[in-house]
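The next block holds one structure in the form of structure tokens; read it before the comments.
Chain identifiers are assigned alphabetically (A, B, ...) following the order of the sequence lines, protein sequences preceding nucleic acid strands; residue numbering begins at 1 within each chain.
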Number of protein chains: 2
Amino acid sequence: MATIQDVAKMAGLSRTTVSRVINQHPYVTEEKKRLVSKAMKELNYVPNSSARRLRRQQTETIAVYVPRITNPFFSHLVEVMEKEAAKKGYQLILCQTSYKKEQERSFLELLKTKQVDGLILTSIENDWSEIEPYLAYGPIVVCNEYSDSAQVPLVFLDQIEGGYIGTKHLIEQGYTKLGYCTGDHKSSRVAHDRRIGFLKALNEAGLQMKDEWYFGGAYSVQDGKNTFETLRNLEDPPQALFTGSDEVAAGIVKAAGDAGWNVPQDLAVIGFDNQPLAELMELTTVEQPIESIASQAMGLMIESIKSKRASVRKEVILPLKMIQRSST
Amino acid sequence: MATIQDVAKMAGLSRTTVSRVINQHPYVTEEKKRLVSKAMKELNYVPNSSARRLRRQQTETIAVYVPRITNPFFSHLVEVMEKEAAKKGYQLILCQTSYKKEQERSFLELLKTKQVDGLILTSIENDWSEIEPYLAYGPIVVCNEYSDSAQVPLVFLDQIEGGYIGTKHLIEQGYTKLGYCTGDHKSSRVAHDRRIGFLKALNEAGLQMKDEWYFGGAYSVQDGKNTFETLRNLEDPPQALFTGSDEVAAGIVKAAGDAGWNVPQDLAVIGFDNQPLAELMELTTVEQPIESIASQAMGLMIESIKSKRASVRKEVILPLKMIQRSST
DNA sequence: TCTGATTATGAAAACGATTTCATGAATTCG
DNA sequence: CGAATTCATGAAATCGTTTTCATAATCAGA
């Protein structure tokens, strides 16, 4: 593999002159430029990434943390972020935290050791106070999740509104016995806010929530099925269920159908995200503008990297939208 | 940000000694080790990634190419690969080719400029002759796709068998008018082999395939719906459809249902992958052992990086399995 | 014609880590 | 007892690029 020294030797010039040509700096004659280009081509030379990074103090790489890439919500976020990053000449390192604090912490070291220029967190496992010190090493942008104390750009969705409009919809459909189904992810402000919205809508309608109508630990299709098995064995099951994702809602609808229950007559179900699955399973769902939050988050990340200014809090909040289908 | 020079100064030792402690090389007294560790902690020192990469000629990073991360097949592959890589201390750079040759080519430069130690290709856009020269810069492993001429490790599935068993199943269910629905991805050996298997099963049963029963360009749920719209307007539509993914199959099933067609009476549909969607939509499907091929591919990649030996061809072929549900 | 600015090119330093080679002390073995 | 080996520590070189500073030639304007 040729180095800039080899190119300089073949062109009969100095490494400085070759570097000037590569980086399109001024004060090099056209003749010398030709010589350098010819030598680069003959030697099949490209600059070494590690040397460049060391000298320039830049990596042109961004790490994106997601709990699991198989979750369609996160894979959709990452798809858009990778495309935006590639457009601007950045690479995206994928980090799966699997909802684990220590996994998130070990990935934070990427910023500290300067293996990446910045990080985007799409879920937060540790307390912000554990994450905040890493801002000394590079910019952090939070996407989808939220933190009151974070002095960083945050791009997120109004989840209180999401919880509210979903629940209001169920109430407007005539349901009075409403269950709540969630991932039960302790660190998640998303889950917390949706529940606030859910309870607010219940309170406005003068409705009550029974403890046994709360279903936790549901992240996947299988979890949705398990939730239905728990629900069907209640003496007084809820008439409608608010869930945290289309997968979980689909699992519930499928298991209910298999058990001979009629959706929505015997059980109304509302999902979240409006993925292709939602249409296939005729799910009423709350649509999140994933493409918008992903591209804005990546845009803010790259802007933060380039500006080299101290991190400041900036909130970008987007609204959610109800999509009504047959499951409610 | 402290450097090794700062640590050396605070410990009253040379950078060589500090490096010996960091890298656990021999011939350093316990007392000196203590001094170094104390200084590192006080200065909150971690080694700089760019400097290490340059000196060691290693990046501990692997690039994985997928057409689109939102395709559940690919997101499942990447999930397993990222986990395996993280276990061995490697980072994974995600590269989305979007089925484009020039996108793939631009990502190949990551190997040439030594920004990654190796690449895993899960789909192949360019001719192998265009990719092969990059082996001079680092190892390449092919996963899921196939190439006769590639002198690299390949981990893939027996897609001729997959096409065959899926089609045989339809024939065994009594269907004689079989349609074929595919992504129509010209570079894909996967699609090519499945069609060979499909035709082989047809020929064995003495069945014929009409040109109008061939449906191309289908990758997504929406493409599946479009396929159904085309099919329903045929004078002599097929009784059964072999498709290339569960998404496409689900789109067809959904659109058929919406049009009042009965699945499988009016149209039998078979999918591929056995994703959660397949169970939700009651799809008969050909299951691919995604977890196995992903972890083997990453294992072979890391082995290739560490061994620094010349690339040799090695094939790992895994079988497929029929999963029968209500759509056939 | 002279002076200051611009142009053209190159040597050395810099980025930060790790390895190679050097030096001297201590230990071991014949 | 002396030679060889091992142990302990450090200086310089190395990895490969880019920038800073130096030098000389050319140009433009007063």
Value in whole Å for how far the C1' atom of dT17(D) lies from CG of D6(A):
13 Å
Under 30°, 30 to 60°, or over 60°: which ring-plane class applies to Y99(B) and Y219(B), parallel, tilted or perpendicular?
tilted
Nucleotide nearest L13(B) when distance is taken to its side chain, options dG10(C), dG10(D), dT9(C):
dG10(D)
Students should find that the end-to-end axis angle of the helix from dT1(C)-dA30(D) to dG30(C)-dC1(D), with five pairs defining each axis and rounding to 10 degrees, is 40°
Name the residue from I140(A), I62(A), V66(A) that meets the side chain to side chain contact (heavy atoms under 4.5 Å, CB included) definition with I120(A).
I62(A)
Whole-Å gap separating P (dT14(D)) and CG (L54(A))
17 Å
Exercise answer: donor-acceptor pairs, residues 3-11 of chain A side-chain atoms, under 3.5 Å, sequence neighbours excluded:
{"unit_1": "T3(A)", "atom_1": "OG1", "unit_2": "Q5(A)", "atom_2": "N", "d": "3.2"}
{"unit_1": "T3(A)", "atom_1": "OG1", "unit_2": "D6(A)", "atom_2": "OD2", "d": "3.4"}
{"unit_1": "Q5(A)", "atom_1": "OE1", "unit_2": "R15(A)", "atom_2": "NE", "d": "3.1"}
{"unit_1": "D6(A)", "atom_1": "OD2", "unit_2": "T3(A)", "atom_2": "N", "d": "2.8"}

Thinking salt bridges, do K38(A) and E42(A) make one under a 4.0 Å N-O criterion?
yes
What pairs with F74(B) under ring pair (Phe, Tyr, Trp, His ring centres under 6.0 Å), at least two apart in sequence or on another chain?
none
Non-hydrogen side-chain atoms of T59(B) and Q115(B) separated by less than 4.5 Å
no
Mark up nucleotides 17-29 of chain C, 5' to 3', with B wherever a protein heavy atom is under 4.0 angstrom from a base atom, S wherever such an atom reaches only the sugar-phosphate, and - elsewhere.
BBBB---------
Check this one for me: any side-chain N or O of K32(A) less than 4.0 Å away from OP1 or OP2 of dA8(C)?
no
Just the rounded figure in Å: distance from P of dT17(D) to NZ of K114(B).
11 Å
Do the side-chain N or O atoms of T17(A) get closer than 4.0 angstrom to the phosphate oxygens (OP1, OP2) of dG10(C)?
yes
Distance test, side-chain N/O of Y27(A) to OP1/OP2 of dA8(C), below 4.0 Å:
no
Quick one: list whatever passes ring pair (Phe, Tyr, Trp, His ring centres under 6.0 Å) with Y146(A), sequence neighbours left out.
F156(A)
I need the NZ-C1' distance between K33(A) and dA8(C), as an integer number of Å.
12 Å
Between CD of Q115(B) and P of dT17(D) the distance, given in whole Å, is 14 Å
Quick one, T122(B) and F73(B) - any side-chain contact, counting heavy atoms below 4.5 Å?
no
According to ring pair (Phe, Tyr, Trp, His ring centres under 6.0 Å), who are the partners of Y137(A), at least two apart in sequence or on a separate chain?
none
